[in-house]
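Read the structure below first, then the notes.
Heavy-atom basis, side chains included; hydrogens, waters and symmetry copies ignored.
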Amino acid sequence: MFFHRSLLLGVSTFAVVPFLVLAVSPPWESGRRHGELFVASSADDASLRTRIAALSPTVSPDDARRVAYAAYMTGLELRREWHVVWLPGVQNLLVNMGARKGGLCFQWATELLVRLDALKLQTLELHWAESFANTSGEHNVIVVTARGQAFEKGILLDNWRYSGQLVWTQVAMDPEYHWTENKSELARRLGRARDVVSKQVRSTMKSN
């Protein structure tokens, strides 16, 4: 997504962007909960772990713990690697100008998807979610559900919205977006990531 929908007016004029960056504090500084959004406090956030585990009696607490840890750390690590700034729309502008290597919403989602897929989760499934698809306001996140559970029952994990700080909520309770699942996009992105890994392995084997 190019601009956070609630920030469109605030970043519409490039000349005022530096002043907005200085004047607007990140929303997580004023509290952990914002509407139906929750801000993860750590890589071992108890509320997130508990909520994922509560998706179904079949969900392994260890799977829930590993997902919460990976999602939080993905945001933390990429925020440093990509030199992410607040606001998210400003980061997007910098990426599109070539001044940053990453930070668009689909990049956050793809990186998280690849890392979660690598966990080989036994009791949870991953979903690619999109809102305002095929528009300038498109946003993408990863949703986790219990195996066989409906997408709408899942928990969304969003590293983009608060500039690398992990926010989460139940899919149907998001106050800003209406989410739909895109299974083909999930398969495409996982397939591409696995191809890259396969090529790297073959290259390593040849060099040895």
Side-chain angles (χ1 to χ4, degrees), residues 1 4 26-82 84 86 88 91 102-131 139-177 179 181-182 185-186 189-190 193:
M1 177 180 176
H4 192 324
W28 59 83
E29 291 184 356
S30 60
R32 293 193 66 247
R33 181 171 179 171
H34 304 275
E36 291 299 330
L37 288 179
F38 300 87
V39 183
S41 59
S42 72
D44 190 39
D45 188 275
S47 295
L48 178 55
R49 284 192 290 105
T50 300
R51 187 63 187 85
I52 294 174
L55 285 169
S56 169
T58 64
V59 174
S60 158
D62 185 58
D63 275 358
R65 178 190 60 79
R66 291 192 295 150
V67 166
Y69 180 89
Y72 184 89
M73 293 305 297
T74 294
L76 184 65
E77 292 167 4
L78 293 179
R79 183 167 61 188
R80 292 170 179 167
E81 179 182 337
W82 290 340
V84 174
W86 175 258
Q91 181 73 14
L104 303 178
C105 68
F106 73 86
Q107 293 173 319
W108 287 106
T110 301
E111 289 287 341
L112 178 57
L113 174 63
V114 170
R115 296 180 188 207
L116 293 179
D117 180 63
L119 297 179
K120 306 300 181 185
L121 302 165
Q122 298 299 307
T123 63
L124 293 167
E125 288 183 346
L126 307 176
H127 308 260
W128 183 269
E130 55 191 24
S131 185
H139 187 20
N140 308 115
V141 298
I142 301 304
V143 169
V144 294
T145 66
R147 287 202 171 274
Q149 190 173 47
F151 167 80
E152 293 76 15
K153 299 293 185 180
I155 301 296
L156 71 87
L157 304 169
D158 188 353
N159 291 123
W160 176 86
R161 203 177 318 193
Y162 284 0
S163 301
Q165 184 74 25
L166 176 65
V167 297
W168 60 276
T169 190
Q170 197 265 328
V171 171
M173 301 300 288
D174 193 324
E176 295 184 304
Y177 297 94
W179 298 101
E181 182 178 11
N182 190 329
E185 190 64 17
L186 178 83
R189 291 186 180 274
L190 282 179

Exercise. So, do His139 and Phe106 sit near enough that their side-chain heavy atoms are less than 4.5 Å apart?
Worked result: no
Exercise. Going from OG1 on Thr169 to CG on Leu48, what distance comes out if it is rounded to the nearest 0.5 angstrom?
Worked result: 10.5 Å
Exercise. Are Leu78 and Leu112 close enough that some pair of their side-chain heavy atoms sits under 4.5 Å apart?
Worked result: no
Seminar exercise, completed: Ala70 and Leu116 have their tightest heavy-atom pair at CB-CD2, 3.7 Å
Seminar exercise, completed: Between Trp86 and Ser163 the two heavy atoms that sit nearest each other are CE3-OG, 3.1 Å
Problem set entry | Side-chain (Glu36) to main-chain (Glu176) donor-acceptor, under 3.5 angstrom | no
Problem set entry | Heavy-atom side-chain proximity of Ser47 to Thr50 below 4.5 angstrom | no
Exercise. Does the side chain of Arg79 reach to within under 4.5 Å of the side chain of Gln165, using non-hydrogen atoms?
Worked result: yes
For this session: With side chain to side chain contact (heavy atoms under 4.5 Å, CB included) as the test, would you mind laying out the steps for Trp179 and His127 before giving the verdict?
Result: CA-CA 11 Å; Trp179 298 101; His127 308 260; over 6 Å; no
Seminar exercise, completed: When rounded to the nearest 0.5 Å, the distance separating OG1 of Thr110 from CH2 of Trp128 is 3.5 Å
For this session: Identify the residue among Tyr162, Trp108, Trp160 that makes a side chain to side chain contact (heavy atoms under 4.5 Å, CB included) with Pro88.
Result: Trp160
For this session: Taking all non-hydrogen atoms of both residues into account, name the closest pair between Ile52 and Ala68 and its distance.
Result: CD1-N, 4.4 Å
Exercise. Given the rule in the side chain to side chain contact (heavy atoms under 4.5 Å, CB included) test, do Asp63 and Gln122 qualify, once you have shown the distances and angles that lead to the verdict?
Worked result: CA-CA 7 Å; Asp63 275 358; Gln122 298 299 307; 4.1 Å; yes
Exercise. Can you check whether Lys153 reaches Thr145 side chain to side chain, under 4.5 Å on heavy atoms?
Worked result: no
Exercise. Is there a side chain to side chain contact (heavy atoms under 4.5 Å, CB included) between Trp168 and Asp158 once you walk through the steps?
Worked result: CA-CA 6 Å; Trp168 60 276; Asp158 188 353; over 6 Å; no
Exercise. Within a radius of less than 6.0 Å around CE of Met173, do more than 12 heavy atoms belonging to other residues, nucleotides or ligands occur?
Worked result: no
For this session: Taking all non-hydrogen atoms of both residues into account, name the closest pair between Ala64 and Arg49 and its distance.
Result: CB-O, 3.6 Å
Exercise. Under 6.0 Å from the CZ atom of Phe151, do we count more than 12 heavy atoms belonging to anything else shown?
Worked result: yes
For this session: Would you check if the side chain of Glu152 reaches a backbone N or O of Gln170 as a donor-acceptor pair within less than 3.5 Å?
Result: no
Exercise. For Asp174 and Leu156, which heavy atoms make the closest approach, and how far apart are they?
Worked result: OD2-CD2, 3.5 Å
Exercise. Any side-chain donor paired with an acceptor under 3.5 Å for Thr74 and Asn159?
Worked result: no
Exercise. Passes side chain to side chain contact (heavy atoms under 4.5 Å, CB included), Leu55 versus Leu124? Steps please.
Worked result: CA-CA 9 Å; Leu55 285 169; Leu124 293 167; 4.2 Å; yes
Seminar exercise, completed: From the list Leu166, Val167, Val141, side chain to side chain contact (heavy atoms under 4.5 Å, CB included) with Leu157 holds only for Leu166
For this session: Give the minimum heavy-atom separation between Ser60 and Thr123, together with the two atoms involved.
Result: N-OG1, 2.9 Å
Exercise. To the nearest 0.5 Å, how far apart are CG in Asp45 and CZ in Arg51?
Worked result: 13.5 Å
Exercise. Could you state the interatomic distance from CD (Gln107) to CH2 (Trp82), rounded to the nearest 0.5 Å?
Worked result: 5.0 Å
Problem set entry | Salt-bridge criterion met for Arg66 and Asp62 (N-O under 4.0 Å) | yes
For this session: Check whether any side-chain heavy atom of Glu81 lies under 4.5 Å from a side-chain heavy atom of Glu111, and answer yes or no.
Result: no
Problem set entry | Partner of Leu186 under side chain to side chain contact (heavy atoms under 4.5 Å, CB included), chosen from Leu113, Val143, Asp117 | Leu113
